[in-house]
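Just below is one structure, and these are the notes that go with it.
As a basis for the values below, the full set of heavy atoms in this structure was taken, side chains included, without hydrogen atoms, waters or symmetry mates. Ligands are counted one by one from 1 in listed order, and the atoms in each one are counted from 1 as well. What you are looking at is a predicted structure, and each value in this text was computed from that prediction instead of being measured.
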Amino acid sequence: MTSDDHHAKPWETVRRGLLMLVSSPAGAGKTSLSRRLVADFADMILSVSATTRAPRPGEEEGREYFFKSRAEFEAMIAAGDFLEWAEVNGHLYGTPKAPVMAALEAGKDMMFDIDWQGAEQMAAQAPDDCVRIFILPPSWPDLARRLHARAQDSEAVIQARLALGKREITHWSAYDYVVVNKDFDRAYADLVHIYRAERMKPGRNPWLPPFVQDLLDEKV
Ligand code: 5GP
């Protein structure tokens, strides 16, 4: 809020929400980075996906995911409830459509923690609204160490997640931005810079043309 806000014209509050898609191999810090951005910016909402995989220790229904059986998930696909969905490591994951529509209508931004297949599908549907960011780990041993430190998964699951992570990384160059998460605070600052810069694109601010017209109409 600035001291000038009470002079704001109605159209000055109009904004078009953006969709921030974040992908990375598991363990590169994407979840912590996304959750911090959502905590720090009131206009940013985190999308909660549906999945057929079982909850990990500490995960809660509706917070990390909506946990579904395969039959329930397939019924949601048939009903057209997903904006995108994909099979990752033998499990189905999908982005529920309704919360995204509600957020965009309310002028809010939304953040998505989705794999490259989901990011590709979303960007194809809404190219002007999506900003794609890929988070890379600083090194392979660092990624393995982070997955082991979580102590959430068995060794076999960790090895599968690392192998999947390598496949995910091969899609890095399709993204608009790449952040190497060597230092969390630095990577977070990079994410904030991307968010702020993307918010200033003319197309995301429908209030700009009338605002500029107002400036031009003023007597010099
Ligand atoms: P995890 O099981 O470790 O939580 O997630 C495995 C992978 O699925 C991650 O790469 C994550 O980004 C991806 N993922 C999570 N939710 C979705 C979703 O709604 N759609 C797609 N396409 N991928 C998702």
**Message:** Does this structure show an ion pair linking K30 with E168, if we count only N-O contacts that are shorter than 4.0 Å?
**Reply:** no

**Message:** With a 3.5 Å distance limit and no angle check, can you tell me whether Q213 reaches the backbone of P209 through a side-chain donor-acceptor pair?
**Reply:** no

**Prompt:** Testing V100, D129, L21 for side-chain contact (heavy atoms from CB on, under 4.5 Å) with M122, which one passes?
**Reply:** L21

**Asked** Got a sec: does the CZ of R36 have more than 12 other heavy atoms crowding it under 6.0 Å?
**Response** yes

**Fill in**
Closest to atom 7 (C) of ligand 1 among protein heavy atoms sits V88 CG1, 3.8 Å

**Message:** Within ligand 1, which atoms have a heavy atom of G94 less than 4.0 Å away?
**Reply:** 18 (C), 19 (O)

**Message:** Below the 3.5 angstrom mark, is there an N/O of D113, backbone or side chain, next to an N/O of ligand 1?
**Reply:** yes

**Message:** Is it true that, when you exclude R196 itself, more than 12 heavy atoms of the residues, nucleotides or ligands shown sit nearer than 6.0 Å to its CZ?
**Reply:** no

**Request:** Give the cluster check for Y195 versus V22: same hydrophobic cluster or not, with ILVMFWY residues linked at side-chain heavy-atom distances below 4.5 Å.
**Result:** yes

**Fill in**
among protein heavy atoms, the one nearest atom 19 (O) of ligand 1 is S49 OG, 2.7 Å

**ligand 1 contact on R161 by region, counting heavy-atom pairs under 4.0 Å** = side chain

**Prompt:** In ligand 1, which numbered atoms sit nearer than 4.0 Å to a non-hydrogen atom of G118?
**Reply:** 22 (N)

**For L92, the rest of its hydrophobic cluster, which grows through side-chain links under 4.5 angstrom** = F73, M76, I77, F82, W85

**Asked** What protein heavy atom is closest to atom 23 (N) of ligand 1, reported as residue, atom name and distance in Å?
**Response** D115 N, 3.2 Å

**Request:** Could you tell me how the ring of Y93 sits relative to the ring of H91: parallel (under 30°), tilted (30 to 60°) or perpendicular (over 60°)?
**Result:** perpendicular

**Prompt:** Of all the atoms in ligand 1, which lie at a distance below 4.0 Å from a heavy atom belonging to A86?
**Reply:** 22 (N)

**Message:** Checking contacts here: is it the side chain or the backbone of E84 that comes within 4.0 Å of ligand 1, counting heavy atoms only? Could be both or neither.
**Reply:** side chain

**Message:** If the contact criterion is a heavy-atom separation under 4.0 Å, does R53 count as touching ligand 1?
**Reply:** yes

**Fill in**
Under 4.0 Å between heavy atoms, the region of R56 that gets near ligand 1 turns out to be side chain

**K30-ligand 1 polar pair, N/O distance under 3.5 Å** = yes

**Request:** Measure the distance from atom 6 (C) of ligand 1 to every protein heavy atom, then report the residue, atom name and distance (to 0.1 Å) of the closest one.
**Result:** Y93 OH, 3.6 Å

**Message:** Are W172 and V180 linked, directly or through intermediate hydrophobic residues, by side-chain heavy-atom contacts shorter than 4.5 Å (ILVMFWY only)?
**Reply:** yes

**Request:** Please work out which of F66, F112, F82, Y65 has its closest non-hydrogen atom nearest to atom 15 (C) of ligand 1.
**Result:** Y65

